[in-house]
Amino acid sequence: MKENKKLLLIDGNSVAFRAFFALHQSLERFVNHNGLHTNAVYGFKTMLDNIIESVNPTHVLVAFDAGRKTFRNEKYADYKGGRAKTPTELSEQFPYVKKLLEAYGMKYYELQNYEADDIIGTLAKQGEEQDFETTIVTGDRDLTQLATEKTTVAVTQKGVTEVERYTPKHVEAKYGLSPAQIIDMKGLVGDNSDNYPGVAKVGEKTAIKLLKQFKSIEGIYENIDELKKSKMKEHLIEDKEIAFMCKDLARIRCDVPLEVELTDTVWNGSEHQKLVEFFQEMDFKRFLEKISAATQDDPAQKIIEDIKFTALTKDNVNQFNFDAEAVEGVSFYLEMMGDNYHTAPLVGFAFNVGTKYFASRDTELLKYPNLRKLLENENIDVDLFDGKRTFVGLNRLGIHLTDIRFDLLLVSYLLDTSDNSNDLGKLAQQHDYTEVLEDEQVYGKGAKIKIPENDAEYYSHLCNKVRTIKKLRTPLMKKLETNKQEELYIKIERPLAIVLAEMEIDGITVDTQRLEEMGSEFKERISEIKQTIYQEAGEKFNLNSPKQLGVILFEKMKLPVIKKTKTGYSTAVSVLEKLRGMAPIIDNILKYRQIAKIQSTYIEGLLKVTFEKDSKVHTRYTQTLTSTGRLSSVDPNLQNIPIRLAEGKKIRQAFIPQKTGWQIFSSDYSQIELRVLAHISHDANMQKAFAEGQDIHANTAMNIFELDSPADVTSNMRRQAKAVNFGIVYGISDYGLAQNIGITRKQAKLFIEKYFKIFPGVKEYMEKIVISAREKGYVETLFKRRRYLPDISSRNYNIRSFAERTAMNTPIQGSAADIIKVAMINMQKMLKEKKLEARMLLQVHDELIFEAPSKEIPILEEVVPQVMDAAVSLDIPLKVESSYGKTWFDAK
DNA sequence: GCTTTCACG
DNA sequence: ACGTACGTGAAAGCC
């Protein structure tokens with residue numbers, strides 16, 4: 001049996017250097033609680049993970065330089081002379097790089113009088129003899145001289161995670177030389193950083209030319225007479241000794257007397273406990289999460305302090321009485337089996353009062369007055385995780401939750417909108433609290449998901465959740481305060497959760513009969529179009545498969561390929577539109593796609609989620625997901641019901657009021673994002689346009705097309721100007737704009753330049769927000785919602801550009817989201833105060849949708865715009881437009 | 001589970 | 001030169 005022995009040799013100093021300078025810009029962000037810089041350790045660790053994954057080594061050794069002086073200094077006193085001193089921020093990290101290696105269970109080694117290179121060279125040679133497959137990782141190209149058929153030299157690129165792999169073939173392709181000739185090249189060229197000179201005036205190009213001709217330095221000097229008289233020849237002759245000396249310096253030793261053998265470098269993986277401790281010492285939170293996730297199938301590894309709790313049953317529940325005066329607050333958790341809290345079985349609860357914990361599987365017990373009081377009494381503060389979910393769940397039991405104080409999920413989201421885990425355990429870890437397991441660890445996942453039968457196991461998990469809520473309240477509220485986000489939480493998000501819960505519980509009525517009618521109509525049309533397409537294609541295939549469609553269009557019919565995806569041909573609408581007219585099949589495919597989408601997503605999809613008992617859909621608004629602060633809507637998504645195309649728009653006819661004689665009423669903010677932009681950018685021109693009630697897109701068109709009168713604006717100009725306005729909001733790029741409205745990039749660039757000339761305040765805002773994001777690491781909305789943008793300093797152009805556009809867009813999109821949230825809270829309050837029967841049912845980002853008895857319509861027409869207008873006071877007015885009708889379709 | 005496509009603001 | 005519009009969710013195919 002032949003073993004697959006894989007040896008990994010790492011040049012520790014060189015990689016640590018690379019890591020340090022790769023993350024140099026973020027130096028001050030990588031500081032642990034003891035003030036130690038950790039960027040090089042971090043980079044080193046990232047590199048290790050990457051290389052382990054790709055190499056999967058059986059043996060590992062990391063070599064370090066032992067000191068400044070080596071045998072090379074005896075040969076050449078100035079070797080590595082004049083080198084700048086290693087920055088202390090880096091040198092202080094070397095002991096920790098070694099500690100990291102210990103935690104990884106990796107051998108490291110250094111040897112007096114030799115460099116890391118020589119250790120690596122020697123072991124690589126031994127590896128060669130013992131039939132190892134070897135990978136050398138370094139930041140130093142000199143080591144490419146070690147490349148052989150069985151030894152690859154991976155040289156780190158700009159960062160440390162990307163490497164360039166030098167096999168003999170790759171060396172040949174890159175330099176036209178063999179690995180051994182690298183030594184000759186170094187001899188001729190010299191090395192600035194190692195401070196040896198080489199032959200005067202000979203650089204890489206010349207050296208390669210010479211070596212191609214003469215093979216080696218020895219070869220050059222044996223045949224030196226063949227060279228024509230030239231300056232170069234003179235230099236070569238003059239520096240002959242230097243050349244041989246430098247070659248000797250450049251040659252990595254492969255015969256160093258080591259005290260380690262390859263058998264000492266066997267690698268058996270990392271040591272979990274050491275890793276945890278080390279990451280804690282370094283404050284590497286993300287890595288801690290990762291390793292705890294990796295070991296989650298072994299919950300026994302995690303030792304959590306036991307909580308004493310009382311299991312509640314029908315028989316003992318009445319023994320406990322909680323004096324409302326004495327109860328300062330209660331942390332409460334309601335467990336359900338499944339995501340959809342409108343229907344998920346209620347399978348348990350737990351809470352604490354003071355130091356006492358209680359738990360039960362029987363949620364009916366909550367109806368007992370002594371427990372009910374804890375949740376319904378206005379003098380008792382309730383702390384929980386996901387208030388909206390809990391509110392809806394309790395509502396199913398007829399319990400009406402009041403006075404939520406702390407919502408762990410919501411607060412955590414506000415502190416960092418990119419931390420949007422829904423699992424209490426995961427989320428707690430992000431706040432350094434680890435005394436609770438993730439649901440997956442206790443309940444399992446997929447088909448095997450189930451509540452533990454063992455009471456002790458189940459109840460302690462529930463009680464741990466309660467304790468987590470209790471423990472995290474004070475520190476997280478403090479963080480909110482530091483960020484000045486208390487108002488955002490208390491005035492907006494917390495009350496909004498209840499408003500959303502009420503909207504979800506109400507639901508919106510669906511005319512299922514209408515949907516089914518439309519369904520059978522579409523079904524026929526789909527099968528007709530399908531037949532035509534099969535005929536035109538000359539065969540049957542699965543039209544829903546882009547892969548099969550691609551074969552038909554681009555291979556069989558030989559239509560030109562416009563765009564490719566990762567996996568094959570793109571058949572997206574933008575592509576098909578370009579193919580239009582080249583074959584009749586294209587139009588039919590477009591039509592098919594359009595109708596099939598309506599059928600599957602909106603007709604069948606909607607029918608699937610309509611509740612039979614009330615013929616309603618009860619969406620769930622995700623309040624803690626988007627990174628900008630918008631809501632999203634699931635099960636079903638009611639925020640993407642068709643409207644742009646006539647056929648899809650008909651779906652809206654199926655959304656009707658719950659009672660006959662009622663109406664659907666809708667109000668939307670007109671151009672709220674551009675108004676927000678006008679406000680936060682303080683751009684005088686844009687503000688003026690809005691203050692005067694101008695058509696902003698026409699106004700923009702006049703300006704960028706340099707027209708004198710609004711009458712000269714054609715509809716096409718307005719359309720293009722509108723696209724420019726949208727582009728601005730998204731963080732414009734000429735490419736994106738060009739793509740969107742089908743003009744050249746040059747034209748797009750001109751448009752943008754003109755735009756910024758007309759609206760210089762906008763330009764200034766865009767520049768400032770990016771700089772501010774770079775300095776602070778985050779951007780904020782009007783109401784201090786925060787989004788962190790770690791990528792804003794990335795060295796990768798694409799990643800950085802994306803972060804920059806995000807920096808421009810998030811305050812705009814996010815502030816608009818803030819505003820409508822305020823309006824929703826005030827609106828719900830208003831409906832209650834005025835004792836209206838009208839119900840607020842849906843929110844679609846800039847639009848609120850109600851149902852109401854006809855007689856209340858005039859009231860809504862007045863009140864809704866008023867409330868929406870007054871949600872915030874900007875430098876310019878907001879504008880709200882309303883309409884109504886007997887279905888959602890008609891309310892437009 | 002991932003990819004592609006397409007619906008919305 | 002690089003190669004992108006911002007934010008979402010659902011269905012279907014495919015492995």
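In what follows, every chain begins at residue 1, and chains take the letters A, B, ... in the order their sequences are listed.
Heavy atoms of Ala748(A) sit nowhere under 4.0 angstrom from any nucleic acid atom. Using a 4.0 Å heavy-atom criterion, one finds that Asn640(A) contacts the bases of the nucleic acid, with or without backbone contacts as well. Here Glu673(A) lies out of heavy-atom contact (under 4.0 Å) with every strand. Note on Arg800(A): nothing from the nucleic acid sits closer than 4.0 angstrom, heavy atoms only. Within 4.0 Å (heavy atoms only), Ile643(A) reaches sugar-phosphate atoms of the nucleic acid but no base atom. Within 4.0 Å (heavy atoms only), Ser733(A) reaches at least one base atom of the nucleic acid. Note on Val729(A): nothing from the nucleic acid sits closer than 4.0 angstrom, heavy atoms only. When heavy atoms are screened at a 4.0 angstrom cut-off, Thr810(A) is found touching no nucleic acid atom at all. Across all strands, Phe802(A) comes closer than 4.0 Å only to sugar-phosphate atoms, never to a base (heavy-atom distances).
Regarding contacts with the backbone of dC2(C), every side-chain N or O of Ser801(A) stays at 4.0 angstrom or more from both OP1 and OP2. Note on Asn809(A): every side-chain N or O is 4.0 Å or more away from OP1 and OP2 of dA5(C). Look at Arg593(A) and you'll find a side-chain N or O under 4.0 angstrom from OP1 or OP2 of dC6(B).
If you look at Tyr765(A) and Phe759(A), their ring centroids are not closer than 6.0 Å.
When the P atom of dG9(C) is taken as reference, atom CG of Leu606(A) falls 17 Å away, rounded to whole Å.
Because its NZ or CZ atom is both nearer than 6.0 Å to the ring centre of Tyr341(A) and within 45° of the ring axis, Arg620(A) counts as a cation-pi partner of that residue.
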